[in-house]
Asks: 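If you scroll down you'll find the structure; I have some questions about it.
In what follows, chains carry the letters A, B, and so on, assigned in the order in which the sequence lines appear, proteins first and then strands, with residues in each chain numbered from 1.
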Amino acid sequence: MTTIRTPADEAEARAIQDELRERVVLDEAGPEAGTGLVTGVDVAYDDERDIVAAAAVVLDAATLAVVDEATAVGRVAFPYVPGLLAFREIPTVLAALDALTSDPGLIVCDGYGRAHPRRFGLASHLGVLTGLPVIGVAKNPFTFTYEQPGTRRGEFTPLLADDGEEVGRALRTQDGVKPVFVSVGHRTALDTACAHTLRLAPDFRVPETTRRADTLCRRALREAVEAAERAAGPEDTRGNRSGAER
DNA sequence: GCGACAG
DNA sequence: ATCTTGTCGC
């Protein structure tokens, strides 16, 4: 099973990113949109109880029908730090991916790939660790500024780095609806990533892969929390504070 | 130094 | 991410 190296602090985390960035493959076009399998991954947290749940849902890229799905539950391994999201999300995501029966094909994750302060976001990190083509589709802008794309579905504007390089795109997936932010993670071209994103979002702003993974990991988290409560103490059924906590 | 900042 | 009721609309 593939694993991620969990850093002891933020400095070490950044060092790991600088090191692994060298292994990102950017000269492949990636699987053609609408072909093969596409897998969405997402994670839900209960920091209070130190529980994290991840889900991986495999869709037929042509029909968007669910082919396979899996979940994994674990402990929170790293705090949320902008720019270091991978260390928080990836451990459990890898476990969910390993639990799949079918091949993932192209992976779509929440967050960024190249559109990252060190050009090595979550999507890039997941790609390097798995060796699979990965793209990132984020719901919110991060470090790069952009012009508002045209109002129609399919229109986009570039996310530009300081050196003028296009590290991602603000892509409108629905008419008159806020765009999503697409960037390449590993073994995929930006054009391919946007084509996949559009095909995966025929009815909603967010790709079907993320929507499916989102509902599944939330359910897995809820069940994990319930199981933990049940194991810890059936004495808390009426109120909040138990005798032991006062 | 201060603010902003994927999930 | 997560806390959260009702509400507008297909």
Asks: Ring-plane angle category for Phe87(A) and His125(A), please: parallel below 30°, perpendicular beyond 60°, tilted otherwise.
Replies: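 It falls in the perpendicular class, over 60°.
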
Asks: Classify Pro117(A) by what it touches in the nucleic acid, base, sugar-phosphate, or nothing, heavy-atom distance under 4.0 Å.
Replies: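 Pro117(A): no heavy atom of the nucleic acid under 4.0 Å.
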
Asks: Regarding Arg205(A) and Gln174(A), is there a side-chain donor-to-acceptor distance under 3.5 Å anywhere?
Replies: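 The criterion, which ignores hydrogens and geometry beyond distance, is not satisfied for Gln174(A) and Arg205(A).
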
Asks: Can you tell whether the side chains of Glu69(A) and Arg212(A) come within less than 4.0 Å, N to carboxylate O?
Replies: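 So Glu69(A) does not pair with Arg212(A) through a salt bridge.
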
Asks: State plainly whether the residues Asp47(A) and Arg88(A) are in salt-bridge range, i.e. N to O under 4.0 Å.
Replies: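 A salt bridge links Asp47(A) with Arg88(A).
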
Asks: Extract, from 5' to 3' on DNA chain B, the first and final nucleotides lying under 4.0 angstrom from some heavy atom of chain A.
Replies: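 Footprint of chain A along DNA chain B, 5' to 3': dC5(B) to dG7(B).
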
Asks: Which two nucleotides bound the region of DNA chain C that has atoms under 4.0 Å from heavy atoms of chain A, read 5' to 3'?
Replies: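 Here the contact window of chain A covers dA1(C) to dT2(C).
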
Asks: For a quick check of understanding: with a heavy-atom distance under 4.0 Å over all strands, which category does Gly83(A) fall into, base, sugar-phosphate or nothing?
Replies: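 Base contact.
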
Asks: Base, sugar-phosphate alone, or nothing: which one does Leu84(A) contact when heavy atoms must sit under 4.0 Å apart?
Replies: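 Base: the residue Leu84(A), judged by heavy atoms under 4.0 Å, touches a nucleobase.
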
Asks: What residues join Met1(A) in its hydrophobic cluster, counting side-chain heavy atom gaps under 4.5 Å, either direct or through other members?
Replies: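 Once heavy-atom contacts under 4.5 Å are chained together, Met1(A) still belongs with nothing else.
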
Asks: Using modelled atom types and a 3.5 Å cut-off, is there a donor and acceptor pairing between side-chain atoms of Glu165(A) and backbone atoms of Ala161(A)?
Replies: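 Not at all, since once roles are kept as given, no pair shorter than 3.5 Å links the two residues.
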
Asks: For DNA chain B, what dot-bracket results from Watson-Crick or G-U pairs at under 3.5 Å, with [ ] for crossers and | for inter-strand partners?
Replies: .......

Asks: Kindly indicate whether a cation-pi arrangement holds for Arg211(A) with Phe204(A), taking the cut-offs as under 6.0 Å to the six-membered ring centre and within 45° of the axis.
Replies: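 Yes, Arg211(A) sits over the ring of Phe204(A).
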
Asks: List in numerical order all residues of residues 37-51 of chain A for which some heavy atom is under 4.0 Å away from an atom belonging to DNA chain C.
Replies: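 Only Ala44(A), Tyr45(A) qualify.
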
Asks: Check each of Val41(A), Thr39(A), Thr209(A) against Cys109(A) using the side chain to side chain contact (heavy atoms under 4.5 Å, CB included) test, and report the only one that passes.
Replies: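 It is Val41(A), the one option of Val41(A), Thr39(A), Thr209(A) that forms the side chain to side chain contact (heavy atoms under 4.5 Å, CB included) with Cys109(A).
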
Asks: Can you tell me which residue pairs pass the ring-ring contact (aromatic ring centres under 6.0 Å, His included) test with a partner in residues 167-195 of chain A, sequence neighbours excluded?
Replies: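 Passing the test, one end in residues 167-195 of chain A: Tyr146(A)-Phe181(A).
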
Asks: Without hydrogens or angle criteria, can the side chains of Tyr45(A) and Glu89(A) be said to hold a donor-acceptor pair below 3.5 Å?
Replies: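 The criterion, which ignores hydrogens and geometry beyond distance, is satisfied for Glu89(A) and Tyr45(A).
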
Asks: Measure from NZ or CZ of Arg169(A) to the centre of the six-membered ring of Phe156(A) and say whether it is under 6.0 Å with the direction within 45° of the ring axis.
Replies: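 That pair qualifies as a cation-pi contact.
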
Asks: Can we say Asp214(A) and Arg218(A) salt-bridge, meaning some charged N sits less than 4.0 Å from an Asp/Glu carboxylate O?
Replies: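 Yes, this pair counts.
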
Asks: Is Arg153(A) salt-bridged to Asp175(A), going by a charged N under 4.0 Å from an acidic O?
Replies: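 Salt bridge absent between Arg153(A) and Asp175(A).
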
